[in-house]
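Values in this document were obtained by computation on a predicted structure and should not be read as measured data.
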Amino acid sequence: MKNTKKIVSLLCVVALLMGTFSTVAFAATDVDYTIINPYEDVDWSWKQYKADLHTHTTASDGRDTLKDMIETNYDYGFDIYAVSDHGLTSRTWTDSQDVIYGLKFFVDLRTPGTEIVALEQEGVTFDGDKYNVVTENGDDYYYQTAEDGSVGNKMLRVPYAIENNPTSLNNAHVNSWFVDYGHGLVGGTSDYETPIKAVDELGGLSVINHPGEYTNARDEDCTADAYDDSYEYYITKFENLLLEYPSCIGIDINSKGDSRTRFDRKLWDIMLMDLAPAGRRVAAIATSDAHSTGAAYTGYTRMLMPANTSANLQDCMANGQFFAASRCLGNHDELVEYANYLFKNGSDEAKAAMVDVTERQSKDYDAKYEADYVTDAPYINKVAVDEANDKISLDVSGEWCVRWISNGKTIAWGNELDLDDYSDDIGSYVRAEVFGEGGITYTQAFLLEYDGAPESENKSDAVDFWLLASFIPDTLVRFLAEMPIFKILWEWLN
């Protein structure tokens, strides 16, 4: 009996020791994360300036005039506005706009009767309010004065905004800002590198526009097929450009109603998985790419800056201190995931909205969520990083839910993410999406460094065949664009 008691006592001691050791071993598996926070230097008392970095007018292939577009976006509450016409840098809002005659002639055949109307230094809006264009410390601003004499906010013109490669036959479009490059340059089929390199050398910033239009990923039916192994050439092409030219901040992930960009969040995640281990943050922007007033205020960004100046804007964009936002969400699989979560956890309002979307998608697979023009996408009021406890939290408003993503997959829901709770699912980055009545808001990626983190994918040996793809069509386009007959015909038509 005594021996039995001794054996039991010994087993208890062993069990306790094993429990202690297992606890110690479990604690030792906790990961010590270094969280590289793009918002680290943000003062959260700053205003979030609402910006559209990519729009068009009748000077290229838009259907509404510069005056129309500026007034419309001002009425929507934009603080920053870029006119990035094809092949035409934005040097002013008050002088006559240049055109590329060969391009404009064919555009006007498709959409006849368009006129080009710039602003005056002082004038009257279509609604009868007074407006002014002023220059302060080298920056141009537009503002309106109401009948009661109250002065509205001043909307900043983004200097030298342009969509490069204006006559690219496959939409290899690059937006750039802050440096006077690309004005009147035609061609650009498959050629992202020429404008990105030139802008980099001049000290500007650029971004790869709506990649799904170039890769044709927009034509896929589901997310699983988009950017699979058959897209390796395109993915490698983009990644090499981002590694080579730091001033190319990233890609457009949601623009113009999110039809052609609906799978480009997947591309963004792939590029983050490949490049984040090398310390390369791939930024994401959203824009309207509006060619008319009816497409305005679809996608936009919120810039976190101490004051609304072009110098602050350039720093903000270069450092990733902004959020991308959109009124529209067109990815079927993303909407199904949001709906499944909200049906279980959402408010009555959110559930009703998801019922509407799912019913429309049952009849039309491409049906999207599209917010009204009254409510902005959810606001991220503050980002807090607690590196000691491996936590990232968001103070948000206007949200239905917050989704956290790493390695291209949803890992958590809620306003706070404890990395230690999801260490098996986390790669070299995490990012958040905030979905609500007014649309969706995306954070930039938080890069993660820790022992055992994934290594960078090196694809630098891949060959880009853009020279072969562009030589014949671009030579022909340049030859035609320089023919004086198009200037004569365009002036005759107008």
So, Asp61 and Lys104, do they make that salt bridge, N to O below 4.0 Å?
-> no
Provide the closest heavy-atom pair for Thr189 versus Ser470 in the form atom of the first, atom of the second, distance.
-> O-CB, 2.9 Å
On the 0 to 90° scale, with breaks at 30° and 60°, tag the Tyr373-Tyr297 ring pair as parallel, tilted or perpendicular.
-> tilted
Tell me, yes or no, whether the heavy-atom count around Tyr233 atom OH, taken from other residues, nucleotides or ligands under 6.0 Å, exceeds 12.
-> yes
May I ask you to decide if Cys222's main-chain N or O and Asp333's side chain share a donor-acceptor pair within less than 3.5 Å?
-> no
Result for side chain to side chain donor-acceptor pair (under 3.5 Å) between Asn175 and one of Thr287, Asp252, Asn209 points to Asn209
Are more than 12 heavy atoms from other residues, nucleotides or ligands located less than 6.0 Å from atom CG of Asp372?
-> yes
Taking every heavy atom of Trp268 against every heavy atom of Ala445, the minimum-distance pair comes out as CZ2-N, 4.4 Å
Measure from the side-chain N and O atoms of Thr89 to the backbone N and O of Asp180, and report whether any donor-acceptor pair falls under 3.5 Å.
-> no
Should Asp75 and Thr72 be marked as a side chain to side chain donor-acceptor pair (under 3.5 Å) after you check the CA-CA gap, both sets of side-chain angles, and the distance that decides it?
-> CA-CA 5 Å; Asp75 289 344; Thr72 297; 5.9 Å; no
Donor-acceptor pair, Asn164 side chain versus Val174 backbone, under 3.5 Å?
-> yes
Indicate the atoms forming the closest heavy-atom contact of Ser190 with Trp466, along with that distance.
-> O-CB, 3.2 Å
Contact summary for Gln444 and Tyr39, nearest pair of heavy atoms = N-OH, 2.8 Å
Can you tell which of Val186, Leu476, Asp474 makes a side-chain contact (heavy atoms from CB on, under 4.5 Å) with Thr167?
-> Val186
Check: Tyr429 ring centre within less than 6.0 Å of Phe446 ring centre | no
Where the side chain of Lys382 meets the backbone of Leu394, is there a donor-acceptor pair that is under 3.5 Å apart?
-> no
Derivation of the side chain to side chain donor-acceptor pair (under 3.5 Å) call for Gln144 and Thr125 = CA-CA 8 Å; Gln144 294 178 7; Thr125 70; 5.1 Å; no
Hey, what's the ring geometry for Tyr231 with Tyr234, parallel, tilted or perpendicular (30° and 60° as the breaks)?
-> tilted
Mark yes or no for whether Asn165, through its side chain, and Ser168, through its backbone, hold a donor-acceptor pair below 3.5 Å.
-> no
Residue set satisfying ring-ring contact (aromatic ring centres under 6.0 Å, His included) with Phe263, at least two apart, ordered chain then number -> none
is_close_aromatic(Phe238, Tyr192), centroid dist under 6.0 Å | yes
Decide yes or no on side chain to side chain contact (heavy atoms under 4.5 Å, CB included) for Lys67 and Trp93, but give the supporting numbers first.
-> CA-CA 9 Å; Lys67 188 172 187 292; Trp93 281 346; over 6 Å; no
Do the numbers put Lys266 on top of the ring of Tyr227, so that NZ or CZ is under 6.0 Å from the six-membered ring centre and no more than 45° off the axis?
-> no
Aromatic ring centroids of Tyr160 and Tyr181 under 6.0 Å?
-> no
Ignoring hydrogens and geometry, is there a side-chain-to-backbone donor-acceptor pair from Asn331 to Arg262 under 3.5 Å?
-> yes
Could you tell me whether Glu337 and Arg403 have a side-chain N and a carboxylate O separated by less than 4.0 Å?
-> yes
For the residue pair His86 and His291, does the interplanar ring angle fall in the parallel (under 30°), tilted (30 to 60°) or perpendicular (over 60°) class?
-> tilted
Are Lys256 and Ser288 linked by a side-chain donor-acceptor pair shorter than 3.5 Å?
-> no
Apply side chain to side chain contact (heavy atoms under 4.5 Å, CB included) to Ser397 and Asn381, showing your working.
-> CA-CA 7 Å; Ser397 55; Asn381 304 306; 3.4 Å; yes
Distance-only check: which donor-acceptor pairs under 3.5 Å involve side-chain atoms of residues 434-442, not counting sequence neighbours?
{"residue": "Thr441", "atom": "OG1", "partner": "Pro378", "partner atom": "O", "Å": "2.7"}
{"residue": "Tyr442", "atom": "OH", "partner": "Asn254", "partner atom": "ND2", "Å": "3.2"}

Between the side chains of Thr261 and Asp258, is a donor N or O closer than 3.5 angstrom to an acceptor N or O?
-> yes
Identify whether NZ of Lys or CZ of Arg in Arg302 sits under 6.0 Å from the centre of the six-membered ring of Tyr49 and within 45° of that ring's axis.
-> no
What are the two closest non-hydrogen atoms of Ala276 and Leu447, and how far apart are they?
-> CB-CD2, 3.7 Å
For Val179 against Gly204, the heavy-atom pair lying closest together | CG1-N, 3.4 Å
Are the charged groups of Arg218 and Glu213 less than 4.0 angstrom apart, N to O?
-> yes
Output field: ring centroids Tyr131/Phe126 closer than 6.0 Å = no
Salt bridge Glu433-Arg431, side-chain N to carboxylate O under 4.0 Å = yes
When Asp366, Asp219, Asp289 are each screened for salt bridge (charged side-chain N to carboxylate O under 4.0 Å, His left out) with Arg260, the one that passes is Asp289
Between Asp79 and Lys50, does at least one N-O distance fall below 4.0 Å, as a salt bridge requires?
-> no
